[in-house]
Amino acid sequence: MKSKKTLVLFLILCFLTILIIIGSVLFSVKTIVGYCYNDNDPDLVQQVIDASSSELSTGTNIFLVNENDIIKKIESDVINVKVVNIERKFPSSVYINFYKIEEYFVVEHDGGYLYVSNDCKILRQSDNLTSERRIKLLIPDVLEGVAPGDTLFSTQSQLYTITNALMNALSRLEDYQNMLEIIDRIDLRFLDQNVLFIKTVAGVCIEAQQPGTDILSKMHLAITFVNNADFEQKTKGTIILSGSGNKINSSYSEEDRYSDFLINNT
């Protein structure tokens with residue numbers, strides 16, 4: 001009787017061992033794929049895969065993949081990407097889904113230039129101005145960070161809140177390339193006076209009063225005006241946006257109110 005129990009126990013252990021061996025082979029990672037939602041850049045995809053290698057490699061059990069650690073490592077090493085998720089595809093593939101963070105802004109700082117994302121993340125710094133168009137961002141001298149990977153402003157600041165809200169609004173109205181073609185500069189230096197100026201490439205300026213409220217509605221009115229205006233109005237003057245809620249007002253003035261404001265406040 002005792003020998004039968006021993007045999008049964010031995011067979012169970014053998015069966016479990018076989019299951020473990022088969023499982024480790026069948027469910028080990030064989031393929032790692034990087035997929036970028038908004039760009040076709042093989043070099044960037046490879047950078048993402050390489051950055052994941054310390055946390056994810058072929059042969060790893062797919063059930064033991066730690067998504068959070070992988071995401072943290074990738075976004076630390078490749079600062080111009082945002083990982084959406086780590087996706088297991090059984091039995092043996094892992095997909096890293098991400099999007100490329102674009103350079104929206106250029107900020108002059110200390111004799112050089114900082115290239116910044118729409119959510120105020122510094123992506124790179126350079127001694128020279130790139131030939132590719134970027135929106136000039138004019139800011140008060142209150143930088144939170146100046147190195148790649150840093151946030152330009154404190155996330156608790158009005159500068160950060162309004163810039164984020166503004167860019168979220170504009171991103172809903174225009175794609176990245178169109179935005180760069182429409183906007184020349186954004187001036188945040190006068191937020192303490194409750195006004196935000198956006199100078200267009202064509203020439204007309206947008207004056208957003210009370211920029212902390214209903215910025216999406218205000219930008220919708222402004223961009224619609226710019227897209228539909230005749231040559232005269234598109235190239236000079238000021239689009240004035242004010243109010244909030246159901247009382248947002250939009251008007252056009254032939255005066256260059258931005259230039260007048262600069263003369264009186266700088």
Side-chain angles (χ1 to χ4, degrees), residues 27-137 143-155 160 163-164 167-168 170-172 174-181:
F27 295 108
S28 62
V29 176
K30 295 183 176 65
T31 307
I32 301 170
V33 178
Y35 177 75
C36 182
Y37 286 112
N38 63 340
D39 203 329
N40 182 20
D41 186 343
D43 291 337
L44 185 62
V45 169
Q46 191 59 52
Q47 287 179 48
V48 168
I49 293 173
D50 291 345
S52 74
S53 62
S54 64
E55 304 293 337
L56 175 66
S57 58
T58 55
T60 303
N61 189 298
I62 201 168
F63 294 104
L64 301 180
V65 170
N66 188 314
E67 291 93 340
N68 291 334
D69 287 348
I70 297 169
I71 292 171
K72 185 177 180 180
K73 185 67 168 63
I74 292 171
E75 293 183 350
S76 173
D77 288 3
V78 190
I79 62 175
N80 65 328
V81 303
K82 179 71 175 176
V83 179
V84 176
N85 63 4
I86 306 296
E87 184 181 3
R88 297 181 179 92
K89 291 197 174 182
F90 292 98
S92 59
S93 296
V94 174
Y95 279 64
I96 304 170
N97 300 309
F98 67 96
Y99 64 84
K100 180 180 179 181
I101 302 175
E102 302 282 7
E103 294 176 357
Y104 281 79
F105 302 122
V106 58
V107 178
E108 288 191 50
H109 174 70
D110 199 23
Y113 301 92
L114 304 176
Y115 291 88
V116 183
S117 71
N118 61 335
D119 62 352
C120 305
K121 184 178 183 180
I122 301 171
L123 301 178
R124 65 183 174 100
Q125 54 188 165
S126 175
D127 294 332
N128 302 308
L129 192 62
T130 181
S131 59
E132 300 164 335
R133 259 203 50 76
R134 301 289 182 263
I135 299 169
K136 300 180 187 74
L137 190 65
L143 296 184
E144 178 76 7
V146 296
D150 290 346
T151 302
L152 194 64
F153 311 124
S154 165
T155 54
Y160 179 86
T163 304
N164 252 7
M167 298 312 293
N168 284 336
L170 289 171
S171 295
R172 291 178 64 176
E174 296 288 345
D175 64 28
Y176 173 68
Q177 288 299 332
N178 284 347
M179 203 183 304
L180 296 187
E181 291 173 6

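Note that the coordinates shown come from a computational prediction; the quantities given were computed from them, not determined experimentally. FYI, the numbering just counts along the sequence from 1.
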> Nearest 0.5 Å, what's the CD1-CG distance between Ile122 and Leu114?
Replying inline: 5.0 Å
> Is the Tyr176 ring parallel, tilted or perpendicular to the Tyr104 ring (thresholds 30°, 60°)?
Replying inline: perpendicular
> What is the distance from atom OG1 of Thr60 to atom CG of Leu64, rounded to the nearest 0.5 Å?
Replying inline: 8.0 Å
> Hey, are Glu87 and Asn97 close enough side-chain-wise for a donor-acceptor pair under 3.5 Å?
Replying inline: yes
> Is Glu108 paired with Lys136 through a side-chain N to carboxylate O contact shorter than 4.0 Å?
Replying inline: no
> What's the spacing between Asn80 CG and Glu75 CD if we round to 0.5 Å?
Replying inline: 11.0 Å
> Do Lys72 and Glu55 meet the salt-bridge criterion of a basic N to acidic O distance under 4.0 Å?
Replying inline: no
>> Is it the case that the side chain of Lys73 and the backbone of Leu56 share a donor-acceptor pair, with hydrogens and angles ignored and the cut-off at 3.5 Å?
In response: no
> Should the pair Tyr37 and Tyr35 be assigned to parallel (<30°), tilted (30 to 60°) or perpendicular (>60°) ring geometry?
Replying inline: perpendicular
> Given the rule in the salt bridge (Lys or Arg N to Asp or Glu O under 4.0 Å) test, do Arg88 and Glu67 qualify, once you have shown the distances and angles that lead to the verdict?
Replying inline: CA-CA 10 Å; Arg88 297 181 179 92; Glu67 291 93 340; 2.7 Å; yes
>> Rounded at 0.5 Å granularity, tell me how far CG in Asn164 sits from CG in Asn118.
In response: 7.5 Å
> What's the spacing between Leu170 CG and Asn178 CG if we round to 0.5 Å?
Replying inline: 11.5 Å
> If only atom types and distance count, is the side chain of Ser171 paired as donor or acceptor with the main-chain N or O of Met167 below 3.5 Å?
Replying inline: yes
